[in-house]
Trainee: 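Take this structure first; my questions come after.
Worth knowing before you read on, the calculation uses all heavy atoms, side chains too, and leaves out hydrogens, waters and symmetry mates. Protein chains get the first letters and strands the later ones, always in sequence-line order, with residue 1 at the start of each.
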Number of protein chains: 2
Amino acid sequence: MTGLRERKKQRTRDALVRVAHELFVTHGYEETTVDEITEAVDVSQRTFFRYFAGKEAVAFAVQDEVESRFYDAVVARPPGESPARALRNALNSTWASMGEAIQDVVPIGLHMRMWQVIETTPALVAVHMRRSTEMEDQLAAVLAVREGLDPHTDLRPRVLVATFSGVMRTAGRQWGSGEDLTLEGARQVMDHCLDLMGPVLSDDWSSCAGE
Amino acid sequence: MTGLRERKKQRTRDALVRVAHELFVTHGYEETTVDEITEAVDVSQRTFFRYFAGKEAVAFAVQDEVESRFYDAVVARPPGESPARALRNALNSTWASMGEAIQDVVPIGLHMRMWQVIETTPALVAVHMRRSTEMEDQLAAVLAVREGLDPHTDLRPRVLVATFSGVMRTAGRQWGSGEDLTLEGARQVMDHCLDLMGPVLSDDWSSCAGE
DNA sequence: AGGTTAGTGTCAGCTTCTGTCAATTGACAA
DNA sequence: TTGTCAATTGACAGAAGCTGACACTAACCT
């Protein structure tokens, strides 16, 4: 909370995120131009690109916050847990503060609808996936350090993280396509999918319920 | 193999793919403009966009072929196998014909280097991921039919496919960053990663070797 | 108060991609 | 062979995303 300059900067940034989200949600991502966003906020187009690396970046401003919290939670897990447990526990502890973290940037309802926009817009799906892989790299590195492994030769951390990440994305899509667009609903779907992860790989496919 | 018209069309398409791959590999993807490709093939820029939906599409022309073969192999698996086995067996049977399938479009060495370009170019990584999810959807649908499940309520097919897909992408990246850039090398890395998939989820992390 | 600097606007330009229309060329029947 | 039709292409114009350069304003510091 320093000078006026930084506060102003924060305000224009917030305004850009807010307005962009509203336009994306109401008109669609592809249909919204950067010029429309900047006109609504009354800044130049050039300024927009000084705040965000691209039109896509502003769509993931909230996601950035959430993911960084999850990452921190993983780092904070005690070393006694198995890697798989550490990931799940970190996820659980993240759910608690997630609501407020989102609300700090945009209303939660808006973020929910933005999530659906992301999941249904091919260009944004692509970016979402790329971001996931980047997060996977970081998580795999953390797990490798936890277990004292060489990340270049031992692929176990990466494989574990990749499966987790894949399941979480599946859960995210399932949730976005459903009715219950609450955080609690998302949590339930995700837990359910993670419970399925182990049994589903076995040959006795039916050892777990599908629904 | 019908009229002259179709042959001509195929030739320009092949030329575009070939030239694009060579330029991407030598100069990099971002550094290569569509104009450079079309000038080398001597067609108008407009023609390029009639053959490919975008600059990215031409980079995945070969991948398209390979993935569709894998899909067909999954569909062709006998119903007796568990879903997880069906995926692995389909993968095994795909490796055989993969080499020729690639060679039909571009030299294999070129495709290998193109793979590395894809893995190291953020924009292409993003597209690659999006394509993976689309393939996942199709595979999940196939598995759901195989097992007679309702794909909307039973998430097991999707979860299984998501884990598989994640592991295969991990393997692909590991292979691309290594030394042995042969198809056989890729196959080995992928098999290894898939073997890790089950044990890695358990709490006795060390029940499998890392290397 | 005055110099410094971060932040912004303006402008000019590049690249990807699309719509449109006229011209060309292969296909096919008379 | 010739004429007609449809498919393919090229040329042009233009929108949208994005970047570099430069000047200007306003906050900051002494």
Trainee: Between Arg7(A) (CZ) and dA26(D) (P), how many Å, whole number?
Mentor: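 Taking atom P of dA26(D) as the reference, CZ of Arg7(A) is at 17 Å.
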Trainee: Please pick, from dA11(D), dA26(D), dT16(C), the nucleotide with the shortest atom-to-atom distance to any side-chain atom of Gln45(B).
Mentor: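 The answer is dT16(C), which lies nearest to the side chain.
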Trainee: Whole Å only: how far is the NZ atom of Lys55(B) from the P atom of dT18(C)?
Mentor: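 So the NZ-P distance, Lys55(B) to dT18(C), works out to 14 Å.
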Trainee: What is the minimum heavy-atom distance between Phe60(B) and Leu124(B), and which atoms define it?
Mentor: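 Looks like CZ-O, 3.5 Å.
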Trainee: To the nearest Å, how far apart are Arg13(A) CZ and dT8(C) P?
Mentor: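 For the pair Arg13(A) CZ and dT8(C) P, the rounded distance is 12 Å.
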Trainee: So with a 6.0 Å cut-off around CG of Asp104(A), is the heavy-atom count from everything else above 12?
Mentor: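 Yes, enclosed.
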Trainee: Quick check on dT8(D): is either OP1 or OP2 less than 4.0 Å from any side-chain nitrogen or oxygen of Tyr51(B)?
Mentor: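 Tyr51(B) to dT8(D) OP1/OP2: no side-chain N or O under 4.0 Å.
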Trainee: With a cut-off of less than 4.0 Å, is there a side-chain N or O of Thr47(B) near OP1 or OP2 of dT9(D)?
Mentor: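 Answer is no, no contact under 4.0 Å.
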Trainee: Is any N or O donor-acceptor pair between the side chain of Arg5(B) and the base of dT25(C) shorter than 3.5 Å?
Mentor: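 For Arg5(B), whose side chain was compared with the base of dT25(C), there is a donor-acceptor pair (under 3.5 Å).
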Trainee: Does dT8(D) have OP1 or OP2 under 4.0 Å away from a side-chain N or O of Lys9(B)?
Mentor: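 Yes, such a contact exists.
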Trainee: In whole angstroms, how far is the P atom of dT15(C) from the CD atom of Glu56(B)?
Mentor: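 It is 17 Å, rounded to the nearest whole Å.
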Trainee: Counting the atoms with a prime plus P, OP1 and OP2 as sugar-phosphate, which does Thr38(A) contact under 4.0 Å by heavy atoms, base, sugar-phosphate, or nothing?
Mentor: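 Since no nucleic acid heavy atom lies under 4.0 Å of Thr38(A), the category is nothing.
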Trainee: Figure out the CZ/P separation between Arg11(B) and dT8(D), and round it to whole Å.
Mentor: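 To the nearest whole Å, that distance equals 14 Å.
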Trainee: Please report the C-alpha distance between Glu136(A) and Phe164(A) in whole Å, then the side-chain angles of each, then the deciding distance to 0.1 Å, and finally whether the side chain to side chain contact (heavy atoms under 4.5 Å, CB included) criterion is met.
Mentor: CA-CA 9 Å; Glu136(A) 285 174 33; Phe164(A) 245 82; over 6 Å; no
Trainee: Looking only at the side chain of Phe49(A) (C-beta and beyond, no hydrogens), which of the listed nucleotides dG9(C), dT8(D), dC18(D) gets closest?
Mentor: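 When the side chain of Phe49(A) is considered, dC18(D) is the closest of dG9(C), dT8(D), dC18(D).
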Trainee: Measure from CD on Glu6(B) to C1' on dT25(C) and round the result to the nearest Å.
Mentor: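 Result: 15 Å.
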Trainee: To the nearest angstrom, how far is Phe48(A) atom CZ from dG9(C) atom P?
Mentor: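 That distance rounds to 13 Å.
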Trainee: Looking only at side-chain N and O atoms, does Lys8(A) come under 4.0 Å of OP1 or OP2 in dA26(D)?
Mentor: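 For dA26(D), neither OP1 nor OP2 has a side-chain N or O of Lys8(A) closer than 4.0 Å.
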Trainee: What pair of heavy atoms forms the shortest contact from Arg158(B) to Ala140(B), and how long is it?
Mentor: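 For Arg158(B) versus Ala140(B), the nearest heavy atoms are CG-CB, 3.8 Å.
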Trainee: Could you state the atom-to-atom distance from CZ of Arg46(A) to P of dT19(D) in whole Å?
Mentor: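 To the nearest whole Å, that distance equals 7 Å.
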Trainee: Just how far is it from atom CD of Glu6(B) to atom CZ of Arg11(B), taken to the nearest 0.5 Å?
Mentor: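 Here the interatomic distance stands at 12.5 Å.
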Trainee: Give the nucleotide from the list dA27(D), dT9(D), dG17(D) with an atom nearest to the side chain of Arg50(B).
Mentor: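 Closest nucleotide among those given: dT9(D).
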